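To find a chain, count down the sequence lines: A is the first, B the second, and so on, and within it residues start at 1. On a predicted model such as this, the values are computed, not experimentally measured, just so you know.
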Number of protein chains: 2
Amino acid sequence: MGQDMSGTSLDFSARLRAAGLRPTRQRVALARVLFEAGHRHVTAESLHAEVKATRIPVSLATVYNTLNQFRDAGLLREVVVAPGRSYFDTNTGHHHHFYVEPDGELHDFPSDKVTVAGLPPPPKGTRLNRVDVIVRVKR
Amino acid sequence: MGQDMSGTSLDFSARLRAAGLRPTRQRVALARVLFEAGHRHVTAESLHAEVKATRIPVSLATVYNTLNQFRDAGLLREVVVAPGRSYFDTNTGHHHHFYVEPDGELHDFPSDKVTVAGLPPPPKGTRLNRVDVIVRVKR
DNA sequence: AAGTTGTTTAGAACAGTTCTAAAAACTGCA
DNA sequence: TGCAGTTTTTAGAACTGTTCTAAACAACTT
Ligand SMILES: [Mn+2]
Ligand SMILES: [Mn+2]
Ligand SMILES: [Zn+2]
Ligand SMILES: [Zn+2]
(Lines give C-alpha, C1' and ligand atoms only; values in the text may rest on other atoms or scores of the structure.)
(Ligands and ions follow the chains in the order given, each with its own letter.)
Protein backbone atom coordinates (compact mmCIF):
# COMPACT_ATOMS: atom_id res chain seq x y z
CA MET A 1 0.00 0.00 0.00
CA GLY A 2 3.04 2.29 0.40
CA GLN A 3 3.84 4.64 -2.44
CA ASP A 4 6.00 2.95 -5.04
CA MET A 5 8.75 5.22 -6.28
CA SER A 6 11.16 2.44 -7.12
CA GLY A 7 10.16 2.23 -10.75
CA THR A 8 10.32 5.96 -11.49
CA SER A 9 13.93 6.25 -12.43
CA LEU A 10 13.75 3.04 -14.44
CA ASP A 11 10.84 4.45 -16.39
CA PHE A 12 12.93 7.40 -17.45
CA SER A 13 15.78 5.08 -18.31
CA ALA A 14 13.48 3.06 -20.51
CA ARG A 15 12.11 6.16 -22.15
CA LEU A 16 15.57 7.45 -22.91
CA ARG A 17 16.67 4.09 -24.23
CA ALA A 18 13.59 3.99 -26.45
CA ALA A 19 14.67 7.36 -27.84
CA GLY A 20 18.10 5.97 -28.62
CA LEU A 21 19.80 7.78 -25.77
CA ARG A 22 21.88 6.22 -23.04
CA PRO A 23 20.23 6.75 -19.68
CA THR A 24 23.05 8.61 -17.99
CA ARG A 25 22.73 10.17 -14.56
CA GLN A 26 22.52 13.63 -16.09
CA ARG A 27 19.92 12.77 -18.68
CA VAL A 28 17.78 10.92 -16.18
CA ALA A 29 17.99 13.86 -13.76
CA LEU A 30 16.96 16.28 -16.50
CA ALA A 31 14.19 14.02 -17.75
CA ARG A 32 12.86 13.76 -14.23
CA VAL A 33 12.70 17.51 -13.78
CA LEU A 34 11.18 17.95 -17.21
CA PHE A 35 8.66 15.14 -17.35
CA GLU A 36 7.64 14.07 -13.89
CA ALA A 37 5.24 16.95 -13.37
CA GLY A 38 2.77 18.19 -16.00
CA HIS A 39 3.63 20.13 -19.10
CA ARG A 40 6.41 22.67 -18.79
CA HIS A 41 8.12 25.45 -20.69
CA VAL A 42 11.75 25.85 -19.69
CA THR A 43 14.80 27.72 -20.88
CA ALA A 44 18.29 26.25 -20.69
CA GLU A 45 19.13 28.53 -17.79
CA SER A 46 15.95 27.85 -15.86
CA LEU A 47 16.35 24.10 -16.28
CA HIS A 48 19.97 24.30 -15.23
CA ALA A 49 18.96 26.15 -12.06
CA GLU A 50 16.28 23.56 -11.32
CA VAL A 51 18.44 20.52 -11.83
CA LYS A 52 21.17 22.01 -9.66
CA ALA A 53 18.68 21.95 -6.79
CA THR A 54 18.52 18.16 -7.10
CA ARG A 55 22.20 18.01 -6.12
CA ILE A 56 23.08 16.00 -9.19
CA PRO A 57 25.91 17.83 -10.93
CA VAL A 58 24.96 18.83 -14.48
CA SER A 59 26.93 21.36 -16.47
CA LEU A 60 25.23 24.02 -18.57
CA ALA A 61 26.80 22.48 -21.68
CA THR A 62 25.05 19.21 -20.86
CA VAL A 63 21.75 21.02 -20.38
CA TYR A 64 22.08 22.47 -23.88
CA ASN A 65 23.19 19.16 -25.36
CA THR A 66 20.36 17.32 -23.71
CA LEU A 67 17.68 19.83 -24.67
CA ASN A 68 18.78 19.59 -28.28
CA GLN A 69 18.89 15.79 -28.17
CA PHE A 70 15.47 15.56 -26.53
CA ARG A 71 14.09 17.92 -29.14
CA ASP A 72 15.66 15.94 -31.99
CA ALA A 73 14.22 12.77 -30.47
CA GLY A 74 10.75 14.32 -30.39
CA LEU A 75 10.59 14.42 -26.59
CA LEU A 76 10.56 18.23 -26.58
CA ARG A 77 9.53 20.97 -28.91
CA GLU A 78 11.42 24.24 -29.29
CA VAL A 79 9.40 27.43 -29.10
CA VAL A 80 10.73 30.79 -30.26
CA VAL A 81 8.63 33.79 -29.30
CA ALA A 82 11.08 36.47 -28.25
CA PRO A 83 14.52 37.53 -29.33
CA GLY A 84 17.52 36.06 -27.58
CA ARG A 85 16.34 32.82 -26.02
CA SER A 86 14.60 29.56 -26.82
CA TYR A 87 11.94 27.84 -24.78
CA PHE A 88 11.63 24.08 -24.66
CA ASP A 89 8.19 22.62 -24.31
CA THR A 90 7.40 19.23 -22.82
CA ASN A 91 4.07 19.31 -24.59
CA THR A 92 4.87 17.88 -27.99
CA GLY A 93 1.26 17.56 -29.05
CA HIS A 94 -0.59 19.98 -31.26
CA HIS A 95 -1.29 23.13 -29.27
CA HIS A 96 -0.76 26.88 -29.23
CA HIS A 97 0.57 29.53 -26.84
CA PHE A 98 -0.16 32.60 -24.88
CA TYR A 99 2.95 34.67 -24.45
CA VAL A 100 2.78 37.09 -21.52
CA GLU A 101 4.91 40.19 -21.98
CA PRO A 102 6.99 41.42 -20.39
CA ASP A 103 7.13 38.45 -18.01
CA GLY A 104 8.22 36.01 -20.66
CA GLU A 105 5.73 33.38 -19.49
CA LEU A 106 4.30 30.83 -21.88
CA HIS A 107 0.94 29.12 -21.43
CA ASP A 108 -0.53 26.37 -23.54
CA PHE A 109 -3.95 26.22 -24.96
CA PRO A 110 -5.40 23.31 -26.91
CA SER A 111 -5.67 23.69 -30.65
CA ASP A 112 -8.69 21.50 -31.09
CA LYS A 113 -11.15 24.28 -30.34
CA VAL A 114 -9.23 26.79 -32.44
CA THR A 115 -10.00 27.14 -36.12
CA VAL A 116 -7.49 28.75 -38.43
CA ALA A 117 -9.35 29.06 -41.71
CA GLY A 118 -8.65 30.77 -44.99
CA LEU A 119 -4.87 30.30 -45.06
CA PRO A 120 -3.39 30.82 -48.49
CA PRO A 121 -1.62 27.87 -50.13
CA PRO A 122 2.09 27.46 -49.30
CA PRO A 123 4.51 29.34 -51.59
CA LYS A 124 5.67 27.55 -54.74
CA GLY A 125 8.03 24.69 -54.04
CA THR A 126 7.19 24.41 -50.36
CA ARG A 127 4.91 22.20 -48.33
CA LEU A 128 3.20 22.87 -45.06
CA ASN A 129 5.02 21.89 -41.93
CA ARG A 130 3.15 23.45 -39.01
CA VAL A 131 0.94 26.37 -38.11
CA ASP A 132 1.86 28.23 -34.94
CA VAL A 133 -0.53 30.60 -33.26
CA ILE A 134 1.01 32.92 -30.70
CA VAL A 135 -1.39 35.04 -28.70
CA ARG A 136 0.63 37.89 -27.25
CA VAL A 137 -0.89 39.37 -24.12
CA LYS A 138 0.14 42.18 -21.81
CA ARG A 139 -0.11 42.46 -18.02
CA MET B 1 8.09 65.50 -68.26
CA GLY B 2 11.42 64.14 -66.83
CA GLN B 3 11.20 61.85 -63.86
CA ASP B 4 11.12 63.83 -60.63
CA MET B 5 13.38 62.31 -58.00
CA SER B 6 14.14 65.57 -56.27
CA GLY B 7 11.47 65.20 -53.65
CA THR B 8 12.29 61.65 -52.64
CA SER B 9 14.88 62.34 -50.02
CA LEU B 10 12.85 65.21 -48.64
CA ASP B 11 9.91 62.86 -48.27
CA PHE B 12 12.00 60.55 -46.11
CA SER B 13 13.24 63.54 -44.15
CA ALA B 14 9.69 64.60 -43.50
CA ARG B 15 8.70 61.10 -42.51
CA LEU B 16 11.58 60.82 -40.08
CA ARG B 17 10.82 64.23 -38.65
CA ALA B 18 7.20 63.22 -38.21
CA ALA B 19 8.44 60.24 -36.22
CA GLY B 20 10.49 62.51 -33.98
CA LEU B 21 13.82 61.52 -35.51
CA ARG B 22 16.36 63.87 -37.02
CA PRO B 23 16.79 63.12 -40.70
CA THR B 24 20.49 62.33 -40.65
CA ARG B 25 22.36 61.03 -43.66
CA GLN B 26 22.44 57.54 -42.20
CA ARG B 27 18.79 57.40 -41.26
CA VAL B 28 17.69 58.71 -44.62
CA ALA B 29 19.90 56.17 -46.40
CA LEU B 30 18.44 53.34 -44.33
CA ALA B 31 14.88 54.59 -44.76
CA ARG B 32 15.41 54.73 -48.50
CA VAL B 33 16.60 51.13 -48.68
CA LEU B 34 13.81 49.99 -46.40
CA PHE B 35 10.84 51.93 -47.72
CA GLU B 36 11.35 52.94 -51.32
CA ALA B 37 10.47 49.52 -52.71
CA GLY B 38 7.56 47.39 -51.53
CA HIS B 39 7.31 45.55 -48.23
CA ARG B 40 10.50 43.96 -46.97
CA HIS B 41 11.80 41.66 -44.27
CA VAL B 42 15.40 42.41 -43.34
CA THR B 43 17.87 41.42 -40.69
CA ALA B 44 20.41 43.87 -39.28
CA GLU B 45 23.18 42.17 -41.23
CA SER B 46 21.29 42.06 -44.51
CA LEU B 47 20.31 45.72 -44.23
CA HIS B 48 23.87 46.66 -43.38
CA ALA B 49 25.11 44.85 -46.48
CA GLU B 50 22.52 46.61 -48.63
CA VAL B 51 23.16 50.11 -47.36
CA LYS B 52 26.89 49.64 -47.79
CA ALA B 53 26.23 49.21 -51.50
CA THR B 54 24.83 52.75 -51.60
CA ARG B 55 28.30 54.06 -50.69
CA ILE B 56 26.94 55.99 -47.71
CA PRO B 57 28.95 54.92 -44.69
CA VAL B 58 26.77 53.41 -41.99
CA SER B 59 28.15 51.37 -39.12
CA LEU B 60 26.51 48.20 -37.92
CA ALA B 61 25.83 49.87 -34.57
CA THR B 62 23.83 52.53 -36.38
CA VAL B 63 21.88 49.90 -38.26
CA TYR B 64 20.88 48.33 -34.95
CA ASN B 65 20.11 51.71 -33.37
CA THR B 66 18.03 52.75 -36.33
CA LEU B 67 16.10 49.51 -36.60
CA ASN B 68 15.19 49.77 -32.93
CA GLN B 69 14.22 53.44 -33.29
CA PHE B 70 12.12 52.76 -36.38
CA ARG B 71 10.42 49.90 -34.59
CA ASP B 72 9.76 52.03 -31.51
CA ALA B 73 8.37 54.76 -33.76
CA GLY B 74 6.00 52.28 -35.40
CA LEU B 75 7.74 52.41 -38.77
CA LEU B 76 8.84 48.79 -38.50
CA ARG B 77 7.67 45.69 -36.76
CA GLU B 78 9.99 43.09 -35.26
CA VAL B 79 9.36 39.47 -36.17
CA VAL B 80 10.86 36.56 -34.26
CA VAL B 81 10.47 33.17 -35.88
CA ALA B 82 13.78 31.41 -35.39
CA PRO B 83 16.40 31.31 -32.69
CA GLY B 84 19.28 33.74 -32.88
CA ARG B 85 18.14 36.60 -35.07
CA SER B 86 15.37 39.16 -35.46
CA TYR B 87 13.67 40.17 -38.66
CA PHE B 88 12.36 43.68 -39.20
CA ASP B 89 9.28 44.08 -41.30
CA THR B 90 8.34 47.20 -43.25
CA ASN B 91 4.77 46.00 -43.31
CA THR B 92 3.36 47.33 -40.07
CA GLY B 93 -0.22 46.51 -40.91
CA HIS B 94 -2.10 43.48 -39.70
CA HIS B 95 -0.80 40.42 -41.53
CA HIS B 96 0.75 37.01 -41.01
CA HIS B 97 3.79 35.06 -42.23
CA PHE B 98 5.03 32.07 -44.06
CA TYR B 99 8.42 31.05 -42.78
CA VAL B 100 10.42 28.93 -45.22
CA GLU B 101 12.84 26.56 -43.54
CA PRO B 102 15.70 26.12 -43.84
CA ASP B 103 16.10 29.19 -46.06
CA GLY B 104 14.98 31.62 -43.40
CA GLU B 105 12.73 33.48 -45.85
CA LEU B 106 9.64 35.31 -44.66
CA HIS B 107 6.59 35.97 -46.81
CA ASP B 108 3.55 38.01 -45.92
CA PHE B 109 0.00 37.03 -46.33
CA PRO B 110 -2.98 39.24 -45.57
CA SER B 111 -4.91 38.51 -42.42
CA ASP B 112 -8.28 39.70 -43.65
CA LYS B 113 -9.14 36.37 -45.26
CA VAL B 114 -7.81 34.38 -42.33
CA THR B 115 -10.11 33.52 -39.45
CA VAL B 116 -8.71 32.54 -36.12
CA ALA B 117 -11.76 31.43 -34.16
CA GLY B 118 -12.26 29.78 -30.82
CA LEU B 119 -9.31 31.31 -28.98
CA PRO B 120 -9.61 30.97 -25.21
CA PRO B 121 -9.81 34.17 -23.17
CA PRO B 122 -6.47 35.73 -22.12
CA PRO B 123 -5.05 34.47 -18.80
CA LYS B 124 -6.15 36.27 -15.62
CA GLY B 125 -4.71 39.73 -15.32
CA THR B 126 -3.67 40.03 -18.96
CA ARG B 127 -5.23 41.64 -22.00
CA LEU B 128 -4.84 40.75 -25.62
CA ASN B 129 -2.11 42.45 -27.55
CA ARG B 130 -1.78 40.66 -30.87
CA VAL B 131 -2.31 37.29 -32.50
CA ASP B 132 0.53 36.04 -34.68
CA VAL B 133 0.07 33.21 -37.11
CA ILE B 134 3.27 31.65 -38.40
CA VAL B 135 2.89 29.09 -41.13
CA ARG B 136 6.09 27.07 -41.20
CA VAL B 137 6.78 25.46 -44.55
CA LYS B 138 9.59 23.25 -45.84
CA ARG B 139 11.29 23.21 -49.22
C1' DA C 1 29.17 81.39 -36.47
C1' DA C 2 28.80 79.57 -31.94
C1' DG C 3 26.51 76.86 -28.82
C1' DT C 4 23.64 73.13 -27.84
C1' DT C 5 21.87 68.88 -28.43
C1' DG C 6 21.37 64.58 -30.75
C1' DT C 7 23.75 61.08 -33.60
C1' DT C 8 27.36 58.10 -35.23
C1' DT C 9 31.17 55.32 -34.54
C1' DA C 10 34.83 51.78 -33.27
C1' DG C 11 35.51 48.82 -30.28
C1' DA C 12 34.50 46.67 -25.91
C1' DA C 13 31.11 44.14 -23.60
C1' DC C 14 27.40 41.07 -23.11
C1' DA C 15 23.99 37.08 -23.45
C1' DG C 16 22.80 32.92 -25.26
C1' DT C 17 24.57 29.07 -27.47
C1' DT C 18 27.93 25.88 -29.59
C1' DC C 19 32.45 23.88 -29.89
C1' DT C 20 36.81 21.49 -28.29
C1' DA C 21 39.28 17.96 -26.50
C1' DA C 22 40.30 15.58 -22.38
C1' DA C 23 38.28 13.07 -18.42
C1' DA C 24 34.57 10.21 -16.92
C1' DA C 25 30.96 6.93 -17.34
C1' DC C 26 28.06 3.64 -19.67
C1' DT C 27 27.67 -0.91 -22.20
C1' DG C 28 28.71 -5.41 -24.07
C1' DC C 29 31.46 -9.06 -23.67
C1' DA C 30 35.02 -11.91 -21.65
C1' DT D 1 33.69 -8.54 -12.45
C1' DG D 2 37.09 -6.60 -15.45
C1' DC D 3 38.14 -4.71 -19.72
C1' DA D 4 37.68 -2.63 -24.25
C1' DG D 5 35.16 0.16 -27.03
C1' DT D 6 32.16 3.81 -27.35
C1' DT D 7 29.41 7.59 -25.78
C1' DT D 8 28.80 11.32 -22.68
C1' DT D 9 30.15 15.00 -19.73
C1' DT D 10 32.76 18.84 -18.67
C1' DA D 11 35.38 23.36 -18.22
C1' DG D 12 36.49 26.65 -20.70
C1' DA D 13 37.17 28.77 -25.15
C1' DA D 14 34.81 30.37 -29.06
C1' DC D 15 31.20 32.27 -31.60
C1' DT D 16 26.96 35.01 -33.04
C1' DG D 17 23.79 38.46 -32.61
C1' DT D 18 23.06 42.52 -30.09
C1' DT D 19 23.90 46.41 -26.85
C1' DC D 20 26.88 49.61 -24.49
C1' DT D 21 30.53 53.28 -23.95
C1' DA D 22 32.40 57.49 -24.63
C1' DA D 23 34.57 60.32 -27.89
C1' DA D 24 34.10 62.50 -32.55
C1' DC D 25 30.80 64.43 -35.44
C1' DA D 26 26.61 66.50 -37.48
C1' DA D 27 22.13 68.72 -37.17
C1' DC D 28 19.44 72.34 -35.42
C1' DT D 29 18.85 76.91 -32.82
C1' DT D 30 20.07 81.48 -31.93
MN1 LIG E 1 20.27 23.80 -31.83
MN1 LIG F 1 15.95 45.77 -28.95
ZN1 LIG G 1 3.47 24.60 -25.02
ZN1 LIG H 1 5.62 40.77 -42.82
Side-chain angles (χ1 to χ4, degrees), chain A residues 9-10 12-31 33 41-49 51-52 54-73 75-76 78-88 102 104, chain B residues 9-10 12-33 41-49 51-52 54-73 75-76 78-88 102 104 106:
Chain A
S9 156
L10 279 169
F12 287 118
S13 288
R15 227 171 132 181
L16 291 172
R17 237 180 259 286
L21 298 165
R22 285 193 184 173
T24 64
R25 206 148 14 94
Q26 284 78 1
R27 293 210 271 232
V28 171
L30 290 167
V33 172
H41 302 92
V42 303
T43 64
E45 289 284 358
S46 79
L47 179 59
H48 188 222
V51 78
K52 269 199 293 198
T54 71
R55 312 268 74 204
I56 290 156
V58 185
S59 72
L60 185 55
T62 294
V63 172
Y64 276 106
N65 289 342
T66 304
L67 285 172
N68 287 332
Q69 291 155 355
F70 283 12
R71 178 205 53 213
D72 293 348
L75 268 39
L76 291 175
E78 189 169 1
V79 180
V80 180
V81 285
R85 76 188 336 118
S86 277
Y87 291 81
F88 289 85
Chain B
S9 156
L10 279 168
F12 286 118
S13 288
R15 228 171 132 182
L16 290 172
R17 237 181 261 285
L21 298 166
R22 284 193 187 174
T24 64
R25 208 148 10 94
Q26 283 78 2
R27 292 209 271 232
V28 171
L30 290 167
R32 223 197 254 291
V33 172
H41 302 93
V42 303
T43 63
E45 289 285 356
S46 79
L47 179 59
H48 188 224
V51 78
K52 269 199 291 197
T54 71
R55 314 268 72 206
I56 290 156
V58 185
S59 72
L60 185 56
T62 294
V63 173
Y64 275 106
N65 289 341
T66 303
L67 285 172
N68 287 332
Q69 290 154 356
F70 283 11
R71 179 205 53 213
D72 293 347
L75 269 38
L76 291 176
E78 190 169 359
V79 180
V80 180
V81 285
R85 80 191 330 119
S86 276
Y87 291 82
F88 289 86
L106 275 177

* Base, sugar-phosphate alone, or nothing: which one does B:Pro23 contact when heavy atoms must sit under 4.0 Å apart? -> sugar-phosphate

* Asked: When we call it a touch if two heavy atoms are under 4.0 Å apart, what does A:Pro57 touch: a base, just sugar-phosphate, or nothing?
  -> sugar-phosphate

* Asked: To the nearest angstrom, how far is B:Leu67 atom CG from D:dG17 atom P?
  -> 14 Å

* Asked: In whole angstrom, what separates B:Ile56's CD1 from C:dT7's C1'?
  -> 16 Å

* **Under-4.0 Å side-chain N/O to phosphate OP1/OP2 contact, B:Asn68 with D:dT19** => yes

* Minimum-distance nucleotide (side-chain atoms of B:Val58 versus D:dT9, C:dT9, C:dC26) -> C:dT9

* To do: Nearest whole angstrom, please: distance from the C1' of D:dG17 to the CG of B:Asn65.
  => 14 Å

* Assign B:Thr62 to base, sugar-phosphate, or nothing according to its heavy-atom contacts below 4.0 angstrom with the strands shown. => base

* Asked: Among D:dT6, D:dT9, D:dA27, which is the nearest nucleotide to the side chain of B:Thr24?
  -> D:dA27

* Just call it for B:Arg85: base, sugar-phosphate, or nothing, with non-hydrogen atoms closer than 4.0 Å on any strand. => sugar-phosphate

* Distance test, side-chain N/O of B:Tyr64 to OP1/OP2 of D:dT19, below 4.0 Å -> no

* Gap between atoms CG and P, on B:Leu30 and C:dT8 respectively (whole Å) -> 9 Å

* Give a yes or no on whether the backbone of A:Thr62 and the side-chain of A:Thr66 come within a donor-acceptor separation of less than 3.5 Å. => yes

* To do: Verify, without hydrogens or angle tests, whether B:Arg17 (side chain) and B:Pro23 (backbone) share a donor-acceptor contact under 3.5 angstrom.
  => no

* To do: Starting from C1' on C:dG6, measure out to CG on B:Leu21 and report it in whole angstrom.
  => 11 Å

* Are the side chains of B:Arg71 and B:Asn68 in touch, meaning some heavy atoms are under 4.5 Å apart? -> yes

* Asked: Is any side-chain nitrogen or oxygen of B:Arg27 closer than 4.0 Å to OP1 or OP2 of C:dT7?
  -> yes

* Is B:His48 reaching over with its side chain to a backbone N or O of B:Val58, donor-acceptor style, under 3.5 angstrom? -> yes

* Asked: Nearest-Å distance, NE2 (B:His48) to C1' (C:dT9)?
  -> 11 Å

* With a non-hydrogen cut-off below 4.0 angstrom, is A:Ser86 in contact with a base, only sugar-phosphate, or nothing? -> sugar-phosphate

* **Under-4.0 Å side-chain N/O to phosphate OP1/OP2 contact, A:Arg17 with C:dT27** => yes

* Does B:Gln26 have a side-chain nitrogen or oxygen under 4.0 Å from the phosphate oxygens OP1 or OP2 of D:dC25? -> no

* To do: Show the numbers, then the answer: is there a side chain to side chain contact (heavy atoms under 4.5 Å, CB included) between A:Leu76 and A:Tyr87?
  => CA-CA 10 Å; A:Leu76 291 175; A:Tyr87 291 81; over 6 Å; no

